Amino acid sequence: MRDNVKPRSDTDIAACCCVEIGTVIDNSDCTAHWSGAFPDRTAAESMLTQLGERAQQAASEPCTIHATFTDRGAALQLDIDFTFCCQAESLIFQLGLR
């Protein structure tokens, strides 16, 4: 089987679903979005602090954090945008949250 798949050039790879990394990470999206619902503002602010610390750990330059609190009746909605200097840092941050 290996003889059937021969690279046409130095950059060709004999594997399924392979793409050049530049086609996936092109710095077009450096912002990670996060949302959650909390019973009160104290819990939401605590989560914002925790996530902010994790974002700064993933960032080589300070990450910009924009948080919005929205009252949803019984819960408080927290929406956060973390903007990194490059898309790779945004990905590292998001993968660390999983």
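Source: prediction; values computed, not measured. Numbers here are sequence positions counted from 1.
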Legend entry - Summary of salt bridge (charged side-chain N to carboxylate O under 4.0 Å, His left out) pairs that have at least one residue in residues 54-74, sequence neighbours excluded: none
Legend entry - ring-ring contact (aromatic ring centres under 6.0 Å, His included) contacts in which one or both residues fall within residues 58-88, not counting sequence neighbours: F82-F93, F84-F93
Inset, instruction - Output, in order, the C-alpha distance, side-chain angles, deciding distance and verdict of side-chain contact (heavy atoms from CB on, under 4.5 Å) for L51 and L97. - result: CA-CA 9 Å; L51 292 173; L97 296 179; 3.6 Å; yes
Inset, instruction - With rounding to the nearest 0.5 Å, note down the distance linking CG in L48 to CZ in F38. - result: 9.0 Å
Inset, instruction - Ignoring hydrogens and angles, tell me if any N or O in the side chain of E89 forms a donor-acceptor pair with the backbone of S60 under 3.5 Å. - result: yes
Legend entry - Nearest atoms (heavy-atom pairs only) where A67 meets L78: CB-CD1, 4.1 Å
Inset, instruction - Would you check if the side chain of Q56 reaches a backbone N or O of P62 as a donor-acceptor pair within less than 3.5 Å? - result: no
Legend entry - Least distance between heavy atoms, Q87 atom then C30 atom: N-SG, 3.5 Å
Legend entry - Approximate separation, where rounding is to 0.5 Å, of T64 OG1 and D81 CG: 10.5 Å
Legend entry - CD-CG distance between E45 and L76, expressed to the nearest 0.5 angstrom: 8.5 Å
Inset, instruction - Say whether T49 and E53, considering side chains only, have a donor N or O and an acceptor N or O under 3.5 Å apart. - result: no
Legend entry - Taking every non-hydrogen atom, the tightest pair across N27 and A88: OD1-N, 4.5 Å
